[in-house]
Structure formats: C-alpha cells, structure tokens
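Position 1 is the first residue of the sequence; numbering continues from there. These numbers come from a predicted model, not from an experiment.
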Amino acid sequence: MSEPINLTVFFETAVEHYLLSPSARALGELTLRRAGVQRDAIVPIAIAVALLSRARDDGHSALSLIDLAAEATELTRELGSANAADGDGARRDAIDAIGALLSGREADWWRATLETVPSVVHAVNGHSANGHAENGHSLSPLVLHGSLLQFRRYYDAERRIAVSIATRIAASLRASLPQGNPTFRVITGGPGTGKTTRIAELLVETLERTPELRVALAAPTGKAAARLSESVRLRLDGMKASPEVRARVPQNARTVHRLLGYQPDRDRFWSRAGTPLPYDLVILDEASMVDVLLMDALVAALPSHATLLLVGDQDQLSSVEAGDVLGAICRVAHDVGIGNALNASVQRLTRSYRFEAHPAIGDAAAAILAGDAAALSAVVHDVARTDVRWTPAPRDRAELLALLVPHLERCLAAETPADALTALDGFRVLCAEREGTWGVSGINAEVERWLRSQGTVITERWYHRRPVMAMANDYGTQVFNGDVGVAWDADGELLVHFPGPEGTTRAIQPARLPETQTAWAMTVHKAQGSEFTDVIVMLPAKGSRVLGRELLYTAVTRARSHVLIVGDESVMRSAVSRTVRRGSGLEAMLRAGMTAGAT
C-alpha cells in the first residue's frame, strides 16, 4: 500500500474520532503534494504539520519537538485503540504501520527528520541556517528554531514583536530617558489590583508634563474598549484632574482593529509599516486577549518614538487566536530578574482591592495560580466561607435547575429591559466548553426548556427576555463582540436592548444586529474582561484539552461576590494541577535576546 493511501486512511480515521480537525487534516495532506519532501519523510512531515495545525487551533504559536514526539505517539496510540476491533483491515494496517513508524520516537529523531526537508527553514538566532532566506519564497512554510517548530507566519510575527520590544528598550537606555518616559512598558495584575487607576494616574502625570502628547486608548474588543473609556473617566473624576488634562485624554477607547484602520475587503490595516499611527503614546488594555498576529500589526504601525503600554492580567486565559504575547513577556521579565531592562519595564500590581470584602474568592484564585488543589479544596469545603462553594455535577435535570432557577426567576421578574439587564449582570453561567451537556449549548438548551415550562413562548430564535451576546463588531449599531443585550417584546414589537449611559438602554431591531448567540451561559473565554455578582462555573464531565488552572482562575475571578464551582471534584483538582501554557516562539526569542544582553 502506498504512503499517500496510508496517510489518507489515517487522517480520515483521526477526523472521525475528533482527534484532528478537518483543517489540520487538509494541511497535513497538502504536505503530500509539496515538492522537496523525500519519500521516507512524507509520513512524519505530514503528521507533524497536522499536529502543528492542531496546536495552533488550540492557541499555540509554536510546538516543541518534545511535545510533537509525545503527541504523535499519543495520536497513533489513541487511533490504534479506537480501531482495535475494526473489521476494516486496510484501515488497521495503515494505523498500525504509521504507529510502528512514529510511536516512541524522541525529539532528536523528529529534528533529524525535519532537517532533511528543504522547505523547512532552520533558524538560528533569527537567521536561516540552511540557506533559505527567512523572508523568501512561500515554499518555506515551516520554521525550525531551537527546540520549536512553527508555521512561518507566526515565527515572522513573533520575531518582529521581539525585535520591536528589544529595540524600544535599547533606545530608551541609550537616550537615558527619565523613568516616566520609556518607550515600552507593561502593567500587569489580577482583578481589582488598580490597573485602570494606574492608567489614569499615568495619563495625568504624562499630560501635565507633556501637554502636546498625542494619546490613543485601545482594547481588543468593543466591550473592553467601552469599559476602559468609562473606567478611565471615573478614575479621572476621583482624581479631580484639571479641565486641561481631561480635555487631552481620549474620550473613547477604540478596538485595535479600528485604531489600525482594518479594511475587511482587503484583509489589511491602513496603519502599518510605512503609514504609522499619529500617536506618541498607545495604551492597550486587556492585552492578554491580543493574539500574535494582531500584536504584530500594532507594533508595526507604531512610530519609532512612540511609547507602547500593555495592560492586563498575565495569569488569565490568553487570546482566542494563537499566541500568548503578554504572558510570554511577563514570564521572561520575571525570570531574567532585577537589573535586566525588560524586568524594569514590567510593573506588577499584587494587592486586590476587589476581593477584600470577599476574601474567599481571592484565596481561591491564589490557590489556583499556585497549583495547590488541596488549598482550593479547603476553601470550597469551608462552610463558614460562602463566597466560594463547590457542588458535585448534577445527577439529573432537576438538580441542574435547582442551581439555576433562583437566578433565572430574578430575570423573569424584571419589568423593564433595564431591570432585565441588571438581573443578567447579577449572574452568569460560565462553561469550559461550548458543546456537551455541561457546555454552553447544553446549559442554554436546558434553560430554554425550563422557560417553556414556565409559559415563555419559544417558537423561533427570538423570544421575550432572551439574553444575547454579539459575536462580531458592528460600528453602525455600535454593538461589539462580547456585548450582551436582552430581547424585549413590548406591544408586539420585539427589540434588543443594550446598556446605555446612566442606566438607560439602546433598542435595536434584531435584523440590524451582527451575529448573536443566546447568553444564559457563555464560555469562560467570552467572559474575559467582564464581571458578574454571582458566577456558576460548569466543569466538563471529564478533563479536556482546554481545562487548566488559567481557565479556572479566569472563571473564578469573574465574580464580584459569589462563585459556585459545579462538577466532579477530581476534575477540579486536575484543572488546578494542570497548566495549559501555550507554546510560544516569542518567549524563546525574548529569553534568548534578554539573557544575551541584547538590550
């Protein structure tokens, strides 16, 4: 049986068992048609590409050779087990043959195999080691550097980000700038540690010193941008900033896409290298949510003299798309230690004022970050500490509804759209996964089934009191990705109401909205940047690829007052003990540059 046929059968089986996505299979099979791959390297290279694609879909911008070796072994093992009793001899033969070839191979074997492929760029300290120009022909889709394998698009983007950071720090050092004027800064801290207050203080200090400074405020989503604008205004009110300073502070933060002038028809940004942004200071909030490619676009558009300030929580979930820019920067800054220029550029805020009235939430968050499952268990089982509780997974629908109905009844009792939005802000069900019984789709379906039993007419997508979350930005309606509204039927006309200024609402016809989803429950990822009075965290029935301490920490810290963790305690403990740290080429590049004294 020829190698391509074997691979086709192997990939088909992997997709059938949800071990690879169709896109990962497509990229793997593309390798079969790529020139320069020797026959004995076709199978491992095709599977390496498929696993790298899967890693990218999981948010990794790079895949270590150690992980590649382990995942290839696990993939063949899982397929072998799944098809042990399969009557299809050709399928078993293909899986067994590939398993015999790849199972148990070490990282060095994978390196040697990758090095035989001419279309793989071998980068050493940012330069090609095998004669292929790193900005050369598109026939070089893969880059092998150090112990990491990357798609070249992500390698190039992370290299440009690393160079930009190093260049800005070096320029600040050469110019002997005052401490208040570095061209690269980071402020990181958990919820309620005063990040927005520090932004407001910095704006006042800077604009009093340099009134002509041009400032831009940005965030990754429209919702985060609106929250930043409002939070900065409130902080300025509390600081009694002068009218002159207030007039110079941007009144409205923008999404990064809007700041850069994204052109969807051309899939490019107006502001980029050659057409830089007209600002001297750019402050980017919720920076942990910004992926590699978007951060690359931002740093490319910055003038060389401009200061970039990244603000966010390095410990919460990373961006939905590939990359972990803020986390990589903060980890390297911590590891290189005091005295290093990158370390000096990062300010860490550690005291959380939000949880002083609800210390159990803060203690639970600290236990999760420390990977201390026993400490978390002690918090959630302490009957005297009601801020954080745990309960086993519901055994049936009645037990699930017992958890949800008290919150749902407050929503049903709302007499106006504004009251309904307030009730919705009072609680949220956060799920680790989108699908499944304890995922977003399962919880939303159970809630709607209960609503029907209470008399709510749900015959189509839109119904009275339906909470919805926008899944895309729409500048015409000023509804942005992550915004939550409520459908409200008044006198036979159903409109969707979103929060407006000072407790008012904005009513919009459903047909004018961007894509929306029912939002009785949402994923933890979608809850980033939000907070709710009470949070119910639904753990999956068993561990999953996405469930780790970062996700659980993010979920728990969305609550202002109370958290209820629902699920098997072993799953909770497993999540705490497991970190889903993303593979990052940027981290390796920064580490190499900073420890080598590049700055």
Side-chain angles (χ1 to χ4, degrees), residues 125-126 155-188 195 198-199 202-203 205-206 209-210 212-218 220 256 259-260 269 271-285 287-288 290-312 314 323-348 584-599:
N125 295 327
Y155 170 80
D156 287 345
E158 291 186 320
R159 186 184 61 172
R160 287 188 292 263
I161 294 169
V163 169
S164 175
I165 292 172
T167 301
R168 290 176 182 282
I169 292 176
S172 298
L173 292 175
R174 287 195 300 271
S176 299
L177 292 174
Q179 186 175 0
N181 290 323
T183 56
F184 178 76
R185 299 183 64 178
V186 174
I187 297 174
T188 183
K195 298 187 294 294
R198 190 66 196 101
I199 291 175
L202 184 144
L203 285 170
E205 294 167 2
T206 304
R209 185 173 60 246
T210 314
E212 69 279 7
L213 203 73
R214 299 167 297 175
V215 181
L217 299 178
V256 181
L259 178 71
L260 298 178
F269 296 101
S271 295
R272 56 192 184 278
T275 54
L277 291 165
Y279 299 108
D280 307 302
L281 169 63
V282 174
I283 299 175
L284 175 60
D285 196 22
S288 66
V290 178
D291 62 84
V292 163
L293 299 182
L294 187 56
M295 188 67 77
D296 177 40
L298 176 59
V299 299
L302 284 175
S304 58
H305 72 276
T307 294
L308 175 62
L309 170 60
L310 305 180
V311 183
Q314 71 176 89
D324 181 20
V325 177
L326 182 68
I329 293 169
C330 292
R331 286 192 295 273
V332 175
H334 175 270
D335 291 348
V336 295
I338 296 173
N340 185 280
L342 180 61
N343 181 280
S345 300
V346 177
Q347 180 182 9
R348 295 172 180 82
S584 170
L586 176 62
E587 183 169 348
M589 294 170 194
L590 287 173
R591 202 173 294 280
M594 295 303 160
T595 55
T599 60

Apply side-chain contact (heavy atoms from CB on, under 4.5 Å) to L202 and R185, showing your working. CA-CA 11 Å; L202 184 144; R185 299 183 64 178; 3.0 Å; yes
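- Applying the salt bridge (Lys or Arg N to Asp or Glu O under 4.0 Å) rule to pairs touching residues 297-309 yields nothing, sequence neighbours excluded.
- With sequence neighbours excluded, no residue forms a side chain to side chain donor-acceptor pair (under 3.5 Å) with H334.
- Judged as a salt bridge (charged side-chain N to carboxylate O under 4.0 Å, His left out), and not counting sequence neighbours, the contacts of D280 are R214.
- Contact annotation: the side chain of V332 approaches that of L342 to within less than 4.5 Å [non-hydrogen atoms, C-beta and beyond].
- Nearest heavy atoms, S304 versus R168: O-NH1, 3.5 Å.
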For residues 295-302, please give each side-chain donor-acceptor pair under 3.5 Å, one per line with the distance, not counting sequence neighbours.
from, atom 1, to, atom 2, distance (Å)
D296, OD1, R160, NE, 3.0
D296, OD2, R160, NE, 3.3
D296, OD2, R160, NH2, 2.8

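- Inter-residue side-chain proximity for L326 and V290 is flagged as unmet; no heavy-atom pair is nearer than 4.5 Å.
- To the nearest 0.5 angstrom, I187 atom CD1 is 11.0 Å from C330 atom SG.
- Checked against salt bridge (charged side-chain N to carboxylate O under 4.0 Å, His left out), E158 has no partners two or more places apart in sequence or in another chain.
- With sequence neighbours excluded, no residue satisfies side chain to side chain donor-acceptor pair (under 3.5 Å) with T188.
- Here the CD-CD1 distance, from Q314 to I329, works out to 10.5 Å after rounding to the nearest 0.5 Å.
- Scanning for side chain to side chain donor-acceptor pair (under 3.5 Å) contacts around N343 gives an empty result, with sequence neighbours left out.
- You'll find the side chain of D291 stays beyond 4.5 Å of the side chain of V325, heavy atoms only.
- Shown here for Y279 and A306, the closest heavy-atom pair between the two residues is O-CB, 3.5 Å.
- Applying the salt bridge (charged side-chain N to carboxylate O under 4.0 Å, His left out) criterion to D285, with sequence neighbours excluded, gives no partner residue.
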Would you check, one step at a time, whether the test side-chain contact (heavy atoms from CB on, under 4.5 Å) holds for L259 with L284? CA-CA 11 Å; L259 178 71; L284 175 60; over 6 Å; no
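- In terms of heavy atoms, G323 sits closest to V292 at CA-CG2, 3.4 Å.
- Of the inter-residue distances, the one linking D335 atom CG with L590 atom CG reads 11.5 Å to the nearest 0.5 angstrom.
- Interatomic distance, OG1 of T210 versus CD of E205, reported as 11.5 Å (0.5 Å rounding).
- Between V215 and T206, every side-chain heavy-atom pair lies at or beyond the 4.5 Å cut-off.
- In plain terms, the two heavy atoms of V256 and A218 that are nearest each other are CG2-CB, 4.4 Å.
- In this structure, the side chains of F184 and L310 come closer than 4.5 Å at one or more pairs of heavy atoms.
- With sequence neighbours left out, the salt bridge (charged side-chain N to carboxylate O under 4.0 Å, His left out) criterion links R348 to no other residue.
- I165 contributes atom CD1, which lies 10.5 Å from atom OG1 of T183 (distance to the nearest 0.5 angstrom).
- Remark: side-chain polar atoms of R591 are not paired, donor with acceptor, to backbone N or O of A328 under 3.5 angstrom.
- Partners of R331 under the side chain to side chain donor-acceptor pair (under 3.5 Å) rule, at least two apart in sequence or in another chain, are D324, E587.
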